[in-house]
Amino acid sequence: MTLSTRYNPKEVEKGKYEFWKNKGYFKAGENLTKTRFSMVIPPPNVTGKLHLGHAANTTIQDIIARYKKAQGYDVLWIPGMDHAGIATQAKVEAKLREEGISRYDLGREKFLEKAWEWKREYAESIHAQWAVMGLSLDYSRERFTLDEGLNKAVRKVFVDLYNKGLIYQGERIINWDPVQRTALSNIEVIYKQDKGEFYYFKYHLVGKEDFLVVATTRPETMFGDTCVIVNPKDNRYKHLIGEYCINPANGDKLPIIGDEYVDIEFGTGAMKCTPAHDPNDFKIGEKYGFKPIICMNEDATMNSICGKYEGLDRFECRKQLVEQIKLDGNLIKIEEITHEVGHSERSDAVVEPYLSKQWFVKMRPLADQALKNQTGNKTITFYPERFNKVFTSWMEKVDDWCISRQLWWGHRIPAYYHKVTNEVRVSIEPPDDMENWKQDEDVLDTWFSSALWPFTTLGWPEKTSDFKHYFPLDLMVTAYDIIFFWVSRMIFQSLEFTSEPPFKKVLIHGLIRDSQGRKMSKSLGNGVDPFEVIEKYGADALRYFITTTSTPGQDSRYIEEKVESSANYINKIWNAARFVLGVLPIDFKPCAINVHDLNPLDKFIMAKLESTIEAVTYNMERYELGNASTHLYNFVYDDFCSWYLEMAKVTLNGENIKAKENTYQVLFRVLKAIIMMIYPYTPFVSEELYQNLPEHKESIMLESYPTIDKSFVDQGAIEEVETLFKLIKDIRNYKVENDLAPNAKIKLYIFDPKRIYQKYVPYLERFTFASEIIFEDNEDNLKNHILFIYDLAQFALEDNIDKEKIILKLTSELEHVEKEIQRAEGMLANPNFVTKAPKNKVDAEKEKLLNHQNHRKILLEKIAKLK
RNA sequence: GGAUGUUUAGCUCAGCUGGGAGAGCAUUACCCUUACAAGGUAGAGGUCGGGGGUUCGAUCCCCUCAACAUCCACCA
């Protein structure tokens with residue numbers, strides 16, 4: 001197989017995924033003696049196409065999975081999807097609406113059939129998308145949040161919590177979504193700044209000629225008013241406590257109550273109380289024994305108590321009612337205000353606080369358990385750490401969780417009501433005499449089943465070998481926006497039901513925004529389809545881009561140029577590989593390298609490789625994917641491509657057979673290590689290159705990650721080579737500064753009594769275009785030349801430039817050196833530094849000082865000679 | 001009102017426990033040098049948001065101010 005001159009992602013990516021999958025490489029548990037590493041995918045909703053956020057989230061996991069596998073772990077990564085109750089039901093309903101039918105026309109059974117059809121269709125599409133991205137998921141263990149096993153687990157959890165008193169049914173003010181016609185939990189409500197009106201109405205006092213003014217933003221709820229409240233300390237109103245006033249909406253007589261809850265400063269200081277439509281009012285209503293009056297239907301139209309407004313939408317009612325009150329002469333004024341209005345996360349409908357009978361999870365005991373866990377020895381480690389605080393502070397003040405939803409698509413609540421006695425029975429299986437019972441119509445919040453994901457995917461509540469072997473999970477990777485929805489709930493449910501945290505570590509990543517930093521959304525139309533990007537640049541480039549351009553926990557922007565530059569980087573590696581594979585002899589056999597046989601250039605690149613492996617591994621272990629990639633990137637571009645490969649060309653053109661053989665070994669070894677380190681990020685192209693290596697295994701997925709071998713580090717060789725590189729750069733620079741062509745011929749003198757640089761003559765010829773290289777043993781003979789002075793040797797070019805210019809250049813260099821000497825001396829003279837700083841820092845500083853002093857001496861001598 | 005994050009080159013962002021400021025894109029000059037022009041070589045471009053403090057030394061630690069962003073809680 002020969003490689004094309006350009007990296008072509010389409011060709012490279014073709015067929016690879018099927019190959020891996022069919023070979024069974026994604027399957028865990030093939031060798032249980034290996035240390036395990038387990039993860040589950042955050043299940044995407046079966047509502048549509050995957051977006052960039054999914055791509056980022058899953059790529060991070062895939063990188064870690066592939067890295068761990070290459071390191072010899074038994075990696076389990078379980079795929080799955082979420083039924084996404086409200087979201088999916090909304091989509092299915094929308095689709096039905098296009099056909100002109102509603103879910104009520106179909107009925108529950110038929111509707112669920114449609115929903116399952118939808119699920120199958122989208123599951124297939126999601127599978128295809130995972131494949132395009134190259135995710136190494138173990139499909140033999142795939143789960144769905146609404147599958148049978150999950151359903152059994154959900155029922156068990158519900159019943160157990162109920163029996164422990166941690167689930168209860170209650171009549172409470174909940175957030176009602178009138179479009180979806182379901183209750184929501186508090187965190188499914190999004191508060192947005194909305195413009196509204198503050199209406200000031202006259203409430204006439206009963207039996208008096210006077211009135212008081214009550215202000216409200218929600219006149220339509222006045223039909224549910226039970227009283228008017230004032231602060232007993234408020235001198236304006238305290239004499240009215242115990243009196244009655246008239247509700248201007250319906251003429252009802254309302255008692256005037258005194259309660260300190262009312263803020264004297266706010267509004268008019270007199271507040272209407274609507275227990276059935278406001279959580280605070282509900283508490284007050286309870287306190288004073290007022291029966292809540294519901295004035296709306298489930299779709300937020302006004303109900304029968306509202307007289308002529310019955311059947312009107314709440315906002316239309318508001319309009320007409322205000323008009324009526326105005327006609328009655330009871331409107332004082334309308335004030336424009338901006339206030340926070342709750343919207344449904346899914347439908348965006350304005351949420352109606354609504355008194356309703358729902359099921360709740362009693363959170364306090366569960367939250368406390370979770371908080372306690374974070375102080376014990378099974379603490380879940382958050383990456384980055386600060387998200388632990390986000391988690392704990394939410395847990396500290398969490399409200400009870402409303403878990404019932406008036407939907408059809410979801411886990412049906414295992415509660416049964418006796419048709420005659422109204423007895424409530426909560427049980428995993430329906431009562432034997434089911435004909436006498438009626439099951440609760442509602443389903444559970446999607447997140448109720450998602451919360452069980454880390455252990456139900458492993459077969460819980462059955463005592464499966466997977467559960468025993470892979471639980472708790474080693475890592476969970478998810479974005480910060482679902483810490484409350486998901487992470488925290490997994491934690492408390494797991495602690496409650498398995499007595500273990502669900503995972504040991506949780507890696508929190510940010511969101512991907514558009515190039516202007518805005519959140520991607522349908523309404524803005526600024527979403528980026530990852531599969532269009534892949535079409536253009538390849539999955540590897542997208543994977544590299546999304547996982548390397550940001551820092552953990554931080555949002556990042558989608559910048560197309562960066563995807564392009566990722567593809568360019570891949571192309572760079574591609575071509576470096578092409579070169580190496582092109583020069584290796586046909587009969588090349590990788591073999592062990594003896595470090596003593598290597599030339600300094602080989603030693604240099606091997607040492608650099610070792611430190612790169614070390615840095616990459618260090619950062620991979622901490623999930624710093626960006627840092628790890630930067631280290632590799634620098635190594636690939638600078639050390640390997642710019643220097644070593646170019647130098648190797650000279651070696652390979654030479655006559656020294658042994659040196660060539662060593663270089664082949666080194667080239668191969670470095671290339672392979674590069675491929676292995678980039679592999680988790682860019683598996684497709686890495687596999688392609690790997691398959692072209694001599695003596696490769698069946699797949700890169702069976703290959704091991706490079707390990708650190710310090711034996712190659714030879715400080716002397718590195719110094720020698722770095723001086724060589726510095727000279728080459730200085731000469732290139734000199735040519736530019738003096739308007740010489742890069743390939744201008746030069747005559748190079750070397751003052752190097754030890755003849756260290758003798759062996760580099762062919763390299764210097766190629767890199768500096770030296771036509772002649774002369775070893776000069778009399779330093780004085782160089783005094784009229786342009787000098788390059790290093791610690792190991794001096795180099796000189798013949799030049800006609802005047803002495804003044806040379807002196808000027810040397811003097812400025814001297815100044816620089818003087819400064820450095822001052823700095824180093826200052827540091828070393830400081831007892832605090834010498835005694836407190838780490839020894840290696842002190843030693844490094846001492847060495848720097850010596851070098852600088854030496855350098856200064858040379859410069860001074862040179863200047864003296866020129867004068 | 002609480003909390004968190006951000007502020008570094010023209011743009012987008014890195015910068016690991018304080019020890020000489022980096023990348024990509026854009027930009028300038030010169031190179032089609034036999035792996036790569038989706039490239040190479042050499043540059044230019046930063047009082048590291050402002051002000052204090054700790055330290056021999058601060059982009060990094062502490063205090064403070066400002067701007068922006070996000071989350072949480074919210075008075076009808």
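These numbers come from a predicted model, not from an experiment. Numbered from 1 within each chain, the chains take letters A, B, ... in sequence-line order.
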Taking any heavy-atom pair under 4.0 Å as a contact, classify [X]: base, sugar-phosphate, or nothing.
X: A/F545; answer: nothing
X: A/I229; answer: nothing
X: A/V262; answer: base
X: A/T630; answer: nothing

key: Atom-pair distance (NE2 on A/H631; C1' on B/G22), nearest Å   =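 Whole-Å distance recorded here is 12 Å.
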Let's test this: given Watson-Crick or G-U wobble pairing with both distances under 3.5 Å, identify the partner of [N].
N: B/C71; value: B/G2
N: B/U7; value: B/A66
N: B/A35; value: none
N: B/G45; value: none

ask   = So, A/Y200 versus A/F198, ring centres under 6.0 angstrom or not?
value =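 Ring centroids of A/Y200 and A/F198 are less than 6.0 Å from each other.
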key: Closest to the A/R557 side chain, choosing from B/A35, B/U12, B/A76   =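 Side chain of A/R557 sits closest to B/U12.
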task = Might you work through the side-chain contact (heavy atoms from CB on, under 4.5 Å) test for A/R513 and A/Y558, ending with a clear yes or no?
result = CA-CA 6 Å; A/R513 300 171 170 276; A/Y558 176 79; over 6 Å; no
